[in-house]
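Below: the structure, in structure tokens.
A, B, ... follow the sequence lines: proteins, then strands. Residue 1 opens every chain. Hydrogens, waters and symmetry mates are skipped; everything else that's a heavy atom, side chains included, is used.
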2 protein chains.
Amino acid sequence: MPSLPDSEAARDLDDVLTWNVVRVARFVGNRLAGRLASLGLNPIQFGVLAFLEKEGELTTAEIARAVLLRPQSVAPLLDGLEGRDLICRVGDRGKGRRNPVRITDAGSEALEQAWVIALAANDLGDAALSRDESNELNRLLLKIALATEP
Amino acid sequence: MPSLPDSEAARDLDDVLTWNVVRVARFVGNRLAGRLASLGLNPIQFGVLAFLEKEGELTTAEIARAVLLRPQSVAPLLDGLEGRDLICRVGDRGKGRRNPVRITDAGSEALEQAWVIALAANDLGDAALSRDESNELNRLLLKIALATEP
DNA sequence: CATCGAGTAACAGAATTCTGTTTCTTCGAG
DNA sequence: CTCGAAGAAACAGAATTCTGTTACTCGATG
């Protein structure tokens, strides 16, 4: 990255990588949320179901780590999914007590449709990116994500 | 992007571009927030000050569009910055009345330090990206950001 | 068997951002 | 001059996520 001029006025947020990542995340996040809304899901719920489908059974703490939220934020989200019979809880609940959840058949069906939407959203043609550029973008993001995985 | 197998179990969130953008945004956003905390600023406040420095004077609605938040979310943020004498309001406040703000000298000073931190955060060496890769990532993000600018 | 540390979940409340609605200003058209 | 449309800000409350703390489980160790 070329050195920027010292002059404050010349500084541009377009040169701040973090600003651009967050701003594009806002755009693509809202874009996916809009598309998933037809299923009554938001991107985090989609992620939770995707992890449960893949892992079989996960606790609140494990799900929180997987979707990068705090366990306190995940608990009410799971309550909502449970209320809609998309997941079910296994065993007793209580402080200190592991409380795993599993996806239900209804959850798997909703997830199936969500996958179609999520993968279609990979196409950023509407946002001026070619397929090769989307792939490169994903590769760079994954490199960061995997390097910073907890 | 290669076709994915039909099997649900084979699907991986690593293949969902939106998921990766949002997850990396979370990481770099928190990373920048951590670094800016020493100035008592968060990334949005930094962005607001940067736009004010550049544009001179902006209304709540204009700032909201610039930082991609709702005006209702920006108003209390501006109240906070005003309380710390980093910005000042121009003219009277009221419903329907344009209420521009300007950055103060103290705000410019804080912004000066924030710029150093924000640009240093462009270095993603700690997240396994080379300088060329960071530049390419920024280029791709900017392409999306500018194509989707309101 | 007792103790302890790590990890998990619950509890409480703050921070941030959103949606929806109402009230007002401003400006251009007729 | 009047009126209507567009835009701006205020108001109210919901949704989402966070920080901090407390209470508990569970497995390893002595």
Side-chain angles (χ1 to χ4, degrees), chain A residues 18-19 22-23 25-34 36-37 40-48 51 55 57-84 87 89-101 150, chain B residues 18-19 22-23 25-34 36-37 40-48 51 55 57-84 87 89-101 150:
Chain A
T18 304
W19 188 261
V22 171
R23 132 195 210 189
R26 214 174 249 289
F27 167 70
V28 294
N30 289 337
R31 178 171 173 271
L32 179 60
L36 285 173
L41 294 176
N42 65 38
I44 296 290
Q45 288 169 324
F46 161 65
V48 168
F51 277 114
E55 305 295 333
E57 184 173 291
L58 291 169
T59 65
T60 304
E62 289 165 340
I63 291 171
R65 279 192 293 274
V67 300
L68 307 178
L69 294 182
R70 298 294 195 265
Q72 302 90 325
S73 304
V74 171
L77 185 151
L78 295 179
D79 288 340
L81 290 175
E82 186 185 26
R84 291 169 57 193
I87 66 165
R89 287 179 183 272
V90 178
D92 300 322
R93 291 186 69 174
K95 277 183 175 181
R97 190 176 287 277
R98 298 171 58 87
N99 189 220
V101 297
Chain B
T18 305
W19 187 261
V22 172
R23 134 195 210 192
R26 212 173 250 289
F27 166 70
V28 293
N30 289 338
R31 179 170 171 272
L32 179 58
L36 286 173
L41 294 175
N42 64 38
I44 296 291
Q45 288 168 324
F46 161 65
V48 168
F51 276 113
E55 307 294 333
E57 182 172 294
L58 291 170
T59 65
T60 305
E62 288 165 340
I63 292 172
R65 277 192 294 274
V67 300
L68 307 179
L69 292 181
R70 297 293 195 266
Q72 302 91 324
S73 305
V74 170
L77 184 153
L78 294 180
D79 288 337
L81 291 174
E82 186 184 28
R84 292 168 56 193
I87 65 164
R89 289 180 182 272
V90 178
D92 299 322
R93 290 187 69 173
K95 278 183 176 180
R97 189 176 288 276
R98 297 171 59 85
N99 189 219
V101 298

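- With rounding to the nearest 0.5 angstrom, the CD1 atom of B:Ile63 is 6.5 Å from the CD1 atom of B:Ile87.
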- Query: Could you go step by step and tell me if B:Leu41 and B:Leu81 meet the side chain to side chain contact (heavy atoms under 4.5 Å, CB included) rule?
  - Reply: CA-CA 9 Å; B:Leu41 294 175; B:Leu81 291 174; 4.3 Å; yes
- Message: What does the B/S/- profile of nucleotides 1-6 of chain D look like, 5' to 3', with a 4.0 Å heavy-atom cutoff to protein?
- Response: ------
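- Rounded to a whole Å, the CD atom of B:Gln45 is 9 Å from the P atom of C:dT17.
- Nucleotide D:dA8 holds its P atom 18 Å from the CG atom of B:Asp92, rounded to whole Å.
- Here A:Leu77 lies out of heavy-atom contact (under 4.0 Å) with every strand.
- The shortest heavy-atom contact between B:Asp79 and B:Arg93 is OD1-NH1, 3.1 Å.
- In this structure A:Arg84 satisfies the salt bridge (Lys or Arg N to Asp or Glu O under 4.0 Å) test with no other residue, sequence neighbours excluded.
- For B:Ala33, the side-chain contact (heavy atoms from CB on, under 4.5 Å) criterion is met by B:Pro43, not counting sequence neighbours.
- Separating the CZ atom of B:Arg70 from the P atom of C:dT21 is a distance of 14 Å, rounded to the nearest angstrom.
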- Message: Walk me through whether A:Arg26 and B:Leu69 qualify under side chain to side chain contact (heavy atoms under 4.5 Å, CB included).
- Response: CA-CA 10 Å; A:Arg26 214 174 249 289; B:Leu69 292 181; 3.4 Å; yes
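- Of the charged side-chain nitrogens involved, at least one lies within less than 4.0 Å of a carboxylate oxygen, so that B:Arg98 and B:Glu62 count as a salt-bridged pair.
- Look at CG on B:Asn42: it is 12 Å from P on C:dA15, rounded to the nearest Å.
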- Reading nucleotides 2-14 of chain C 5' to 3', which nucleotides get B (base under 4.0 Å from a protein heavy atom), which S (sugar-phosphate only), which -? -----BBBBB---
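- The shortest heavy-atom contact between B:Trp19 and A:Ile44 is CZ3-CA, 4.4 Å.
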- Query: Under the side chain to side chain contact (heavy atoms under 4.5 Å, CB included) criterion, do A:Val101 and A:Glu82 qualify, and how do the steps go?
  - Reply: CA-CA 9 Å; A:Val101 297; A:Glu82 186 185 26; over 6 Å; no
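- Evaluation of the salt bridge (charged side-chain N to carboxylate O under 4.0 Å, His left out) test over residues 66-77 of chain B, restricted to residues two or more places apart or in two chains, returns none.
- Listed in residue order, the members of residues 25-32 of chain A having a heavy atom less than 4.0 Å from DNA chain D come to none.
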- Can you check side chain to side chain contact (heavy atoms under 4.5 Å, CB included) on A:Val67 and A:Phe51, steps first, answer last? CA-CA 9 Å; A:Val67 300; A:Phe51 277 114; 4.0 Å; yes
